[in-house]
There are 2 protein chains.
Amino acid sequence: MTAKKKRPTLQDVADRVGITKMTVSRYLKKPEQVSIALHEKIQSALDELGYIPNKVPDMLSSAKSHAIGVLVPSLTNQVFSEVIRGFESVTEPAGYQTMLAHYGYSQSAEEARIATLLGYNVDGLILSESAHTERVRRMIKTAGVPVIEMMDSVSPAIEQAIGFDNSAASFAMTELMISRGHHNIVYFAARMDARTRLKIQGYEQAMRKHNLEPFSLQTEEASSFTRGALLLRQALQQRPSLDGIFCTNDDLAIGAFYECQRQGIPVPEQIGIAGFHGHDISGAMVPRLATVVTPREEMGRLAAENLLSRLQGKPVTERVIDLPFRLEAGESLRPES
Amino acid sequence: MTAKKKRPTLQDVADRVGITKMTVSRYLKKPEQVSIALHEKIQSALDELGYIPNKVPDMLSSAKSHAIGVLVPSLTNQVFSEVIRGFESVTEPAGYQTMLAHYGYSQSAEEARIATLLGYNVDGLILSESAHTERVRRMIKTAGVPVIEMMDSVSPAIEQAIGFDNSAASFAMTELMISRGHHNIVYFAARMDARTRLKIQGYEQAMRKHNLEPFSLQTEEASSFTRGALLLRQALQQRPSLDGIFCTNDDLAIGAFYECQRQGIPVPEQIGIAGFHGHDISGAMVPRLATVVTPREEMGRLAAENLLSRLQGKPVTERVIDLPFRLEAGESLRPES
DNA sequence: GAAATTTCTGTTACGCGTAACATATTACCT
DNA sequence: AGGTAATATGTTACGCGTAACAGAAATTTC
């Protein structure tokens with residue numbers, strides 16, 4: 001076969017039945033408006049030709065694409081997979097397709113991705129960041145699509161933010177560590193994004209409040225178990241007297257814990273370790289990891305619900321939705337005295 | 001403001017400069033064909049109006065969407081994040097947008113997702129499965145877009161498969177375990193997809209070859225660390241004499257390991273444990289986990305390269321690309337004797 | 001059985017960027 | 001200057017599903 005058969009259109013289906021494409025279109029959208037006599041004929045023509053609905057023409061006619069653009073900094077980060085799961089648990093039953101893109105924590109990459117997504121006429125946008133370039137704000141305004149920022153509850157939001165208070169969460173965990181007798185606490189950070197900075201702030205505030213000297217180690221690399229181990233070795237060199245590690249996420253914390261094991265450092269007796277987010281593994285490992293349990297799925301779900309509501313023309317109800325977090329002490333901190 | 005301003009079109013930009021949209025279109029695509037005198041004027045009109053390129057009209061004109069649909073069974077599964085990273089490392093520089101969708105290991109959901117993606121006129125499809133419904137095969141054929149199946153190297157592929165030999169990998173690891181003195185090996189599986197079945201096959205073949213009795217535990221639930229712990233408890237009840245655990249992925253293996261720790265079962269002395277895929281954590285933990293290291297990023301990269309080549313009209317070179325895997329013995333198996 | 005109503009199908013126009021072709025303008029050459 | 005070539009811009013048509021309106025057919029009503 002040399003002639004490349006192109007995919008069938010409504011017209012092809014209509015021709016085969018001997019009607020107009022309008023009737024076929026109706027059969028697909030509002031079958032009750034089409035005579036029963038035609039149903040079978042149309043259906044078999046659809047089947048025989050293998051018609052695949054095409055959303056594009058309708059997208060062009062200024063109608064809706066029924067696609068929502070979701071931007072996350074990273075796919076490998078477990079956190080976002082869970083947020084997305086929550087998000088899609090709402091959008092998918094509602095018939096919206098997710099267009100997922102990631103930008104590797106880079107603002108300029110975020111800008112490029114947003115332009116691309118808007119180029120596909122997404123009906124709305126979910127962002128995972130609260131800091132954006134000026135052009136991003138322009139584009140969003142010009143495109144006129146609803147936007148929700150996730151992951152943090154700082155204001156002012158572009159339109160609406162749904163998240164939790166990263167700084168307060170970090171403050172609370174630091175105080176818990178201090179109350180458990182860990183005073184020389186080092187903070188481990190990777191990939192310095194806006195949220196990480198907020199977490200460090202909370203940590204530093206708590207340390208200062210208790211007249212302790214904050215000290216944080218940062219790396220530009222992505223966080224991973226291996227990275228946590230590296231940071232621990234580095235920290236032991238720079239602060240041999242440390243007795244606590246607070247990590248910006250569970251991966252680093254667990255990596256640091258393994259390194260302690262390798263070096264024969266007892267946890268939590270000599271060093272207490274805390275993570276952030278409360279992934280499945282933090283509760284499964286031995287000892288269970290102290291961590292801040294964050295509302296990941298709920299965040300995604302709420303973002304979806306609010307976005308859908310706004311797509312139906314309803315106004316923004318709350319500009320900032322601040323979800324609660326929870327501290328889990330695990331067994332990687334010294335016991336309560 | 002009551003009147004909802006809609007997003008500017010090329011015509012709006014052209015009007016502002018006093019030219020036709022065609023010239024503006026050319027300025028964006030082939031600026032060298034537009035007189036220098038106009039460049040500045042057009043650019044400032046674009047900036048002032050905040051024009052956002054719109055791909056949809058061109059998609060309609062049977063041109064290409066420059067989007068590729070990627071289907072994975074699950075986003076929370078680390079494996080696929082890494083495959084996607086490899087994939088996008090090629091497609092993104094080439095100017096292709098990924099439309100990611102997941103189907104929770106369900107064939108009918110896969111079918112629905114494929115229909116949706118084709119509705120957005122994706123230029124190509126990447127699937128993570130080799131078993132499909134008949135309708136899926138029909139749709140793909142009718143749509144006439146190139147398709148690549150990832151994750152396994154079984155033939156026959158719809159058009160082209162890129163992966164590794166799941167069954168052989170499983171066979172090899174089972175033999176390694178046996179050679180290390182683990183003979184009463186139980187296989188842990190979650191979510192019975194086609195790949196898992198292949199892995200079980202390999203395990204069973206190796207067991208039988210050595211006159212050992214295969215025994216596998218399966219669950220419909222998603223795999224997780226917690227799930228690995230549960231399966232271990234279950235296995236100890238049903239096979240108290242077991243001395244080896246081979247898991248369909250690292251998560252289950254690590255969860256099982258933690259449960260051993262909790263129960264005071266020495267690993268690898270009493271029970272040897274092996275996982276599958278070789279994620280970062282498997283090499284970071286103590287003891288390091290025995291695992292099958294699979295070519296995840298490379299698989300994604302190759303899939304992308306082959307798909308792009310076919311989008312340029314080149315023919316399929318190899319119908320099945322079988323990538324090598326590698327065994328990592330770690331310290332969770334008994335030492336070589 | 002004719003008018004009124006309901007049900008069903010058809011017609012027309014639209015969205016917007018771009019390929020292909022046509023025209024206009026400028027540059028270049030002898 | 002006349003003519004050819006090169007450059008720059010404009011014109012037209014197209015893709016395909018659907019809303020809005022129009023018209024035709026069937027059904028109901030008295």
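Residue numbering restarts at 1 for every chain, and letters A, B, ... go by the order of the sequence lines. Just so you know, these numbers use all the heavy atoms, side chains as well, and skip hydrogens, waters and symmetry mates.
Counting non-hydrogen atoms of other residues, nucleotides and ligands closer than 6.0 Å to CZ of B:R85 gives a total above 12. Within a 6.0 Å radius of CD in A:E40, other residues, nucleotides and ligands contribute 12 heavy atoms or fewer.
A:V24 comes within 4.0 angstrom of nothing in the nucleic acid, heavy atoms only.
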Could you encode protein contacts along nucleotides 12-23 of chain C as a string, one character per nucleotide from 5' to 3', using B for base contact, S for sugar-phosphate-only contact and - for no contact, with a heavy-atom cut-off of under 4.0 Å? --BBBBBB----
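Sorted by residue number, the list of members of residues 36-47 of chain A with any non-hydrogen atom under 4.0 Å from DNA chain D is empty.
A donor-acceptor pair is defined here as one N or O able to donate and one able to accept, closer than 3.5 Å; no such pair exists between the side chain of A:N77 and the backbone of A:S74. Counting only distance, with no hydrogens or angles, the side chain of B:E149 and the backbone of B:I158 share a donor-acceptor pair below 3.5 Å. Between the A:R138 side chain and the B:D47 main chain, a donor and an acceptor come within less than 3.5 Å of each other. In terms of modelled atom types and a separation under 3.5 Å, the side chain of B:R26 and the main chain of B:E32 share no donor-acceptor contact.
Looking at heavy atoms from C-beta onward, B:L46 lies in side-chain contact with B:Y27 at the 4.5 angstrom threshold.
For the 3.5 Å distance criterion, the side chains of B:E111 and B:Q107 fail to qualify, holding no donor opposite an acceptor. Defined by atom type and a distance below 3.5 Å, a donor-acceptor pair is missing between the side-chain atoms of A:Y105 and A:E110.
One finds no side-chain N or O of B:T23 lying less than 4.0 angstrom from the OP1 or OP2 phosphate oxygen of D:dA8.
For the helix from C:dG1-D:dC30 to C:dT30-D:dA1, the rotation axes defined at the first and last 5 base pairs enclose an angle of 40°, given to the nearest 10°.
The only option from A:L308, A:V145, A:T98 that meets the side chain to side chain contact (heavy atoms under 4.5 Å, CB included) definition with A:I68 turns out to be A:L308.
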